[in-house]
Amino acid sequence: MNMLVSWNITRACNLKCEHCYRDAGKVAPGELSFEEGKSLLRDLKSLNFRILIFSGGEPLLRPDLFELIKFAKSLGLISVLGTNGTLIDASCAEKLKAAGLKRAGISLDSVDSKIHDKFRVCAGAWEKAVAGIKNCRKAGLEVQLHTTVTKKNISEVLKITDFAADLGACAHHIFFLVPTGRGRKIDSVMCAPQEYEALLHKIMEKQNSVSLELKPVCAPHFLRIARQKKIKLRFEKGCLAGISYACILPDGEVHPCPYLPLALGNVKKEGFVKIWQESEVFHKLRRADLGGKCGRCEFKPICSGCRAAAFYQSGGDYLAEDLNCSYEPKMQADFKSTAV
């Protein structure tokens, strides 16, 4: 299982997206310096982390991004980018490629520019994002599309998959909204569990007919559906929070994932190695002593439910059951965890 970290390298952003989990806009006080960032990357390497996601805010607003990518590559880390794509002109794409970026993850929430622009609160955002995708492909960069699912666009998710394929993307990652940050203000457009279940079935069936990789995010029960449908995937585990994944905030605070706001320490004070190895929250997530139906589910070894969703649904218990999953467990004690 690949170990990966998402580092929100800045809170600055050129958009004001309705769902932003980091409530991005302005630079956060005390954002990690270049040298502090290099120290963090050395820690990641020492712990055998393999993939580093440079995210934000909008990571392209951080002036030393290209140097950070170069340094990560020198350590043997694989760098990917989480961006709204609007700032990637041809020159930027070429600089990202030259610095050693492996893949750019670019957000696109609709095939309709008006829907995307409204969600991103910026006229022209769709057109610029699509141009960014094309510029990355011309520069020889892999691209994956990111889509956040709400009631407003759930009916067109697979159309976006087809559009991603037409653009030459290698993957389409489909994010199921967790109401954190500004996302709390739009929880009314979250889909119901039955809607999520139906969409996950469609996504898994779609995987059999497209070459690009499809991955639901914050909906780990997709692995249960893949198992039920006997669909082969490369993924071994649904929710990775605290197991093989963590998030570093702009100021160095460590969270289990971008959507689970539990402060476990700060890399400026304790260092990431100590936090990763000693945090009690991380240990509890790894033990997976889950409550409710997640705790007794036969698919727990490969799913574990979305811990961020459970946190918000329960009012603060990150080990509670995930109510976004409509499945009722059969309590098969002999279930074994294997990749699906």
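As a basis for the values below, the full set of heavy atoms in this structure was taken, side chains included, without hydrogen atoms, waters or symmetry mates.
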| query | What salt bridge (Lys or Arg N to Asp or Glu O under 4.0 Å) pairs are there with at least one residue in residues 115-132, not counting sequence neighbours? | reply | Asp109-Arg120
| field | Backbone of Thr148 reached by a side-chain donor or acceptor of Asn153 within 3.5 Å | value | yes
| note | Interatomic distance, CG@Leu167 vs CG@Asp162, rounded to 0.5 Å, equals 11.0 Å
| Taking the side chain as C-beta and beyond, is there a heavy-atom pair between Leu96 and Leu60 under 4.5 Å? | yes
| query | Less than 6.0 Å separating the ring centroids of Tyr327 and Phe299? | reply | yes
Show me the donor-acceptor pairs, under 3.5 Å and distance only, between side chains in residues 44-52 and residues at least two apart or in other chains.
{"residue": "Lys45", "atom": "NZ", "partner": "Leu75", "partner atom": "O", "Å": "3.1"}
{"residue": "Ser46", "atom": "OG", "partner": "Asp43", "partner atom": "O", "Å": "2.7"}
{"residue": "Arg50", "atom": "NH1", "partner": "Asn2", "partner atom": "OD1", "Å": "3.4"}

| said: Using only atom types and a distance under 3.5 Å, with no angle test, would you say the side chain of Lys206 pairs donor to acceptor with the backbone of Leu214? | reply: no
| request: For residues 256-275, pull every pair meeting salt bridge (Lys or Arg N to Asp or Glu O under 4.0 Å), keeping only residues two or more places apart or in separate chains. | output: Lys274-Glu278
| said: Tell me whether Glu142 is salt-bridged to Arg137, with the criterion being a basic N under 4.0 Å from an acidic carboxylate O. | reply: no
| request: Answer yes or no: is there an ion pair linking Glu35 with Lys38, defined by an N-O contact shorter than 4.0 Å? | output: yes
| Do any N or O atoms from the side chain of Gln144 and from the backbone of His172 form a donor-acceptor pair under 3.5 angstrom? | no
| Which of parallel (below 30°), tilted (30 to 60°) and perpendicular (above 60°) describes Phe272 and Trp276? | parallel
| Geometric class of the Trp7/Phe54 ring pair [parallel <30°, tilted 30-60°, perpendicular >60°] | tilted
| field | Pairs satisfying side-chain hydrogen bond (donor to acceptor under 3.5 Å, both in side chains), at least one member in residues 174-191, at least two apart | value | Asp23-Arg182, Thr180-Tyr312
| request: Enumerate the residue pairs fulfilling ring-ring contact (aromatic ring centres under 6.0 Å, His included) with a member in residues 179-221, sequence neighbours excluded, ordered by first and then second residue. | output: Phe176-Tyr196
| Any donor-acceptor pair under 3.5 Å from Lys97 side chain to Gly140 backbone | yes
| request: Quick one: which residue pairs count as a salt bridge (Lys or Arg N to Asp or Glu O under 4.0 Å) with a foot in residues 54-63, not counting sequence neighbours? | output: Arg62-Asp64
| query | Considering residues, nucleotides and ligands other than Lys229, do more than 12 of their heavy atoms fall under 6.0 Å from its NZ? | reply | yes
| Hey, is Asp289 close enough to Arg287 for a salt bridge, meaning N to O under 4.0 Å? | yes
